[in-house]
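Written below as structure tokens is the structure these notes are about.
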2 protein chains.
Amino acid sequence: MKKTPATARTVRRGALTGQAEDYLKAIYEMEQGGEPAATNAVAALLGIAPASVSGMLQRLSRLGLVHVERYRGARLTHMGRRAALQLIRRHRIIESYLVTRLGFGWDEVDEEAERLEHGASTELVERMAAALGHPTEDPHGAPIPTSDGVVDERRLQSIADLAVGQTARVVRVSDRDSEFLRYLAAMGIRPNATVKVADRAPFDGPVTITVRGARHQLGVAAASRVYVEPVARTRRAAK
Amino acid sequence: MKKTPATARTVRRGALTGQAEDYLKAIYEMEQGGEPAATNAVAALLGIAPASVSGMLQRLSRLGLVHVERYRGARLTHMGRRAALQLIRRHRIIESYLVTRLGFGWDEVDEEAERLEHGASTELVERMAAALGHPTEDPHGAPIPTSDGVVDERRLQSIADLAVGQTARVVRVSDRDSEFLRYLAAMGIRPNATVKVADRAPFDGPVTITVRGARHQLGVAAASRVYVEPVARTRRAAK
DNA sequence: ATCGTATGTTAGTCCATACTAACTCTTAAG
DNA sequence: CTTAAGAGTTAGTATGGACTAACATACGAT
Ligand SMILES: [Mn+2]
Ligand SMILES: [Mn+2]
Ligand SMILES: [Mn+2]
Ligand SMILES: [Mn+2]
């Protein structure tokens with residue numbers, strides 16, 4: 001007897017404004033921690049007033065893209081998640097294309113992709129992906145969702161989570177702040193680089209790391225934005 | 001004593017919405033005939049109601065981008081023309097890039113460029129242009145304005161203007177209707193193709209042309225959308 | 001010179017999206 | 001338990017941009 005109501009499975013591409021799309025993406029990102037996306041957090045991420053977020057959440061809810069629990073936060077619906085993942089796919093493929101084919105620096109592409117992601121057709125994005133050999137990660141190490149919305153969502157540790165003496169492979173870095181990316185690049189921190197924690201000051205103090213033989217001090221804010229995968233210190237020689 | 005009022009010379013990029021930019025482009029195009037852009041013509045071109053155009057013209061006028069003569073039409077100001085030409089440059093470079101580097105057909109790119117032109121940064125467009133060797137014409141034969149707004153604005157004849165027996169080189173074709181472009185492609189009509197008028201029915205009837213040895217009948221609507229440069233029929237053998 | 005039609009504008013409405021100010025919940029400290 | 005701070009919402013306003021309906025103008029045909 002329990003009949004599924006006749007709800008649409010997908011939002012028609014183009015039915016959403018660029019603004020609405022960016023909200024969905026922000027909510028998707030905030031939700032990764034398990035908790036629903038908090039109004040103020042979304043507002044801070046998008047640089048708008050909390051009241052504006054309340055308004056948009058109502059609109060997105062009316063469209064069936066989010067579930068809003070009053071005073072609690074928002075979660076994407078199935079449909080909302082699909083739309084968010086499609087947008088994220090567009091964003092990351094565009095970033096990859098700009099870096100690989102047009103010589104942009106990894107610190108310049110987020111901003112550009114942030115605008116192009118709304119105007120680029122699926123056709124264009126798929127052609128870019130094909131031209132690059134269907135990459136699975138963007139220039140910052142972020143996984144690219146497949147066209148049917150599958151993405152590796154495993155939680156990663158950051159350098160701030162490592163113990164002294166641990167060695168780790170950099171998997172991914174936060175890409176929002178281009179100055180931060182230039183700072184990382186100057187130290188050789190990029191996806192696949194190997195970092196070793198040499199020291200940690202107490203009370204959440206700076207972390208001393210070794211990258212390519214050089215030592216660097218990273219503040220907690222920076223360290224927690226570099227995501228890594230600890231490397232088991234094997235004693236056997238390679239192979 | 002006549003001091004030039006302190007008017008801005010350029011619109012700050014990003015100060016204009018995509019909508020406003022499209023209006024400027026439409027006005028630029030309509031103005032090419034010498035007459036100011038008529039409200040209804042702009043409305044028809046953009047597919048919106050005339051009343052909406054009246055409204056936008058007032059906004060653009062307030063921004064110093066057009067001169068509006070009530071009940072007469074609109075002309076771009078210096079600043080408006082600059083903005084329009086920059087947009088057109090972006091549009092045409094994007095079209096060229098999509099065709100040359102991503103394998104799009106010439107019938108698919110106008111629509112895509114129509115959206116991307118608003119989000120693409122100058123940096124991106126210049127990188128695309130550089131990657132293509134700074135093309136001077138888009139895939140439809142339209143001239144690409146330089147980054148400082150210089151463009152070849154000479155008026156062209158169309159096939160509908162040719163006399164029987166005349167031979168001409170196709171310079172440019174109208175690119176708005178993708179079905180029309182496929183129709184042309186099927187006949188081999190593209191920039192640089194040679195066409196010869198074999199016959200013309202009276203009273204604005206269809207034109208019979210020869211392209212690559214094959215005869216085709218073109219209605220006036222089609223013939224007047226293919227722009228050509230008559231070729232002087234030289235009798236001497238080539239070189 | 002008049003007038004009707006095509007062209008254009010104004011008035012009024014709507015929606016998306018932002019803002020500020022003022023109010024209401026929730027929750028952690030005491 | 002109470003309560004105040006912080007988080008979130010509502011109300012009211014603004015702007016861009018679109019629409020329809022109603023009104024105004026220009027101009028070619030008579
Ligand atoms: Mn965006
Ligand atoms: Mn990225
Ligand atoms: Mn456009
Ligand atoms: Mn074109």
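Throughout, protein chains are lettered first and strands after them, A, B, ... in sequence-line order, and every chain is numbered starting at 1. Worth saying up front: this structure is predicted, and the values here are computed from it rather than measured.
- Residue-level contact check: B:Arg59 touches the bases, meaning some heavy atom is under 4.0 Å from a base atom.
- Regarding B:Leu63, its CG atom lies at a distance of 8 Å from the P atom of D:dG16, rounded to whole Å.
- A salt bridge is defined here as a Lys NZ or Arg NE, NH1 or NH2 lying under 4.0 Å from an Asp or Glu carboxylate O, and A:Glu112 with B:Arg127 fails to meet this definition.
- Panel note: side chain A:Ser174, backbone A:Arg225; no donor-acceptor pair is recorded below 3.5 Å.
- Checking C:dA11, D:dA18, D:dG8 against every side-chain atom of B:Gln19, the shortest atom distance belongs to D:dA18.
- By the 4.0 Å N-to-carboxylate-O rule, B:Glu21 lies close enough to B:Arg90 to be salt-bridged with it.
- Between D:dA18, D:dT9, D:dG17, one nucleotide has an atom nearer to the side chain of B:Ser52 than all others, and that is D:dA18.
- In this structure, B:Leu57 places its CG atom 10 Å from C1' of C:dG8, rounding to the nearest Å.
- For the pair B:Pro50 and B:Arg62, both in contact range of DNA chain D, the more 5′-proximal nearest nucleotide belongs to B:Arg62.
- If you check every strand for non-hydrogen atoms under 4.0 Å, B:Glu69 touches nothing.
- Between the side chain of B:Gln166 and the backbone N or O of B:Pro230, no donor-acceptor pair lies under 3.5 Å.
- Between A:His140 and A:Trp106, the two ring planes are parallel [angle under 30°; tilted spans 30° to 60°].
- B:Arg75 places no side-chain N or O within donor-acceptor distance of the main-chain N or O of B:His67, the cut-off being under 3.5 Å.
- At whole-Å resolution of the value, CE in B:Met56 and P in D:dG16 are 9 Å apart.
- In this structure, A:Arg70 places its CZ atom 9 Å from P of C:dT26, rounding to the nearest Å.
- Contacts of A:Thr17 with the nucleic acid, taken as non-hydrogen atoms under 4.0 Å apart, involve only primed sugar atoms and P, OP1 or OP2.
- For B:Gln58 and C:dT9, the shortest distance from a side-chain N or O to OP1 or OP2 is not below 4.0 Å.
- Taking side-chain N and O atoms only, B:Tyr23 has a distance below 4.0 Å to OP1 or OP2 of D:dA18.
- As rounded to whole Å, 13 Å separates atom P of C:dC25 from atom CZ of A:Arg72.
- Scanning residues 25-49 of chain A for heavy-atom distances under 4.0 Å to DNA chain C yields A:Ile48, A:Ala49.
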